[in-house]
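Data block below; observations after.
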2 protein chains.
Amino acid sequence: MRQSNPPFMSGVPELLLLRLLGQREMYGYELVRSIKLVTNDAITLGEGVIYPVLHSLERNGALKAKRKKVDGRTRVYYALTARGRKRLERLHGEWRRIQSGVAAAMEEPANA
Amino acid sequence: MRQSNPPFMSGVPELLLLRLLGQREMYGYELVRSIKLVTNDAITLGEGVIYPVLHSLERNGALKAKRKKVDGRTRVYYALTARGRKRLERLHGEWRRIQSGVAAAMEEPANA
DNA sequence: TGTGATACCTTTTACTTCGAGGTATACTCC
DNA sequence: GGAGTATACCTCGAAGTAAAAGGTATCACA
């Protein structure tokens, strides 16, 4: 049986979503624009990325959804659960680890 | 026709390889251990990742290979070309961009 | 002789992410 | 009334990277 861990750098879309939803609840379409904003245009995630991740996080119990009708349009607001908060912490830690690993590799030229 | 850009977070293995080879020439097996070392164990890339990347970089003209016989064993040393140096610069810039984008998103918000 | 380290390589699988599409409502402008 | 744009949801298929596992061969050493 062949099994494979996820690629070591993955999960950043998830991290960003969880982070934003940790501050306040938002809906999918809003998150798409918000991510572009808060990353200073460095990262743009389309709806084809956002919605599937949102759904899988909800299935996982990291988010809970709430439908709201605003101006005739339906929005699905997502809020972090306790489980989601834990997952955020974990992913954040992993990110820091990778990030400082790369930083260490890119730094020092001090050799022969 | 459907075409897709590479995932926005990819290319870190390549970046690390190019970086190390920018300091001195090394061979594949050595790079595997070296990456683990210089990233303080944060990143471990197996041979199944290293060798294919090495080969594709060579095909691309970013690296040039040189076979050496040492103690009866054959080693394939790789060195950066001018093209490789350019690629390193580009990837490094992209990484910085992504990295600071994530950092901005993760910062404390100072809001209500 | 057989085990472990060195050194190369490839193939298969798993996984994420991307792009393009599709639906529907509301608002504006002509 | 019709066209066009913005909002808001969604899904499917393709693309591409990285992971794991396996395969070969040499050398050392016990």
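Being a predicted model, the structure only gives us computed values, none of them experimental. Lettering of chains follows the sequences in order, A, B, ..., and the numbering in each one begins at 1.
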Residue set satisfying ring pair (Phe, Tyr, Trp, His ring centres under 6.0 Å) with Tyr77(A), at least two apart, ordered chain then number -> Tyr27(A)
Measure all distances between protein nitrogen or oxygen atoms and nitrogen or oxygen atoms of nucleotides 24-27 of chain C, and list the pairs falling under 3.5 Å.
from	atom 1	to	atom 2	distance (Å)
dT25(C)	O2	Arg73(A)	NE	3.4

Nearest-Å distance, OH (Tyr29(A)) to P (dT23(C))? 18 Å
Tell me, which pairs form a salt bridge (Lys or Arg N to Asp or Glu O under 4.0 Å) where one or both residues lie in residues 38-61 of chain B, sequence neighbours left out? Lys36(B)-Asp41(B)
What is the distance from CZ of Phe8(B) to P of dG19(C), rounded to the nearest Å? 12 Å
Using atom CG of Leu17(B) as one end and atom C1' of dT17(D) as the other, report the distance to the nearest whole Å. 14 Å
Rounded distance in Å - CZ (Arg75(A)) to P (dA6(D)): 16 Å
To the closest 0.5 Å, what do you measure between CG (Leu91(A)) and OG (Ser10(A))? 8.5 Å
Reference residue Glu94(B); test side chain to side chain donor-acceptor pair (under 3.5 Å); the match among Arg97(B), Arg90(B), His92(B): Arg90(B)
Of all the choices, dT7(D), dC9(C), dG16(D), which nucleotide is nearest to the side chain of Arg33(A) once you look at every atom? dT7(D)
Position toward the 5' end of DNA chain D (nearest nucleotide), Tyr27(A) or Met9(A): Tyr27(A)
Using only atom types and a distance under 3.5 Å, with no angle test, would you say the side chain of Thr81(A) pairs donor to acceptor with the backbone of Gly61(A)? yes
For the backbone of Lys69(A) and the side chain of Thr74(A), can you confirm whether one donor and one acceptor N or O come within less than 3.5 Å of each other? no
Expected output is a numbered-order residue list: members of residues 39-61 of chain B with a heavy atom under 4.0 Å from any atom of DNA chain C. What is it? Glu47(B), Gly48(B), Tyr51(B), Pro52(B), His55(B)
Integer-rounded Å distance: dT6(C) C1' and Met26(B) CE: 15 Å
I need the CD-P distance between Glu14(B) and dA19(D), as an integer number of Å. 14 Å
Residues forming a salt bridge (charged side-chain N to carboxylate O under 4.0 Å, His left out) with Arg75(B), sequence neighbours excluded: none
To the nearest 0.5 Å, what is the distance between CZ (Arg87(A)) and CG (Leu80(A))? 11.0 Å
To the nearest angstrom, the OH-C1' distance between Tyr77(A) and dT7(D) comes to 12 Å
Among residues at least two apart in sequence or on other chains, which ones pass side-chain hydrogen bond (donor to acceptor under 3.5 Å, both in side chains) with Lys66(B)? Glu25(B)
Rounded to whole angstrom units, what separation is found between the CD atom of Glu30(B) and the C1' atom of dA5(C)? 15 Å
Let me spell it out: for each of Arg67(A) and Pro6(B), pick the nucleotide of DNA chain D with the closest heavy atom. Which residue's pick is nearer the 5' end? Arg67(A)
Looking at Asn5(B), I'd like to know whether one of its side-chain N or O atoms comes within less than 4.0 Å of OP1 or OP2 on dA15(D). no
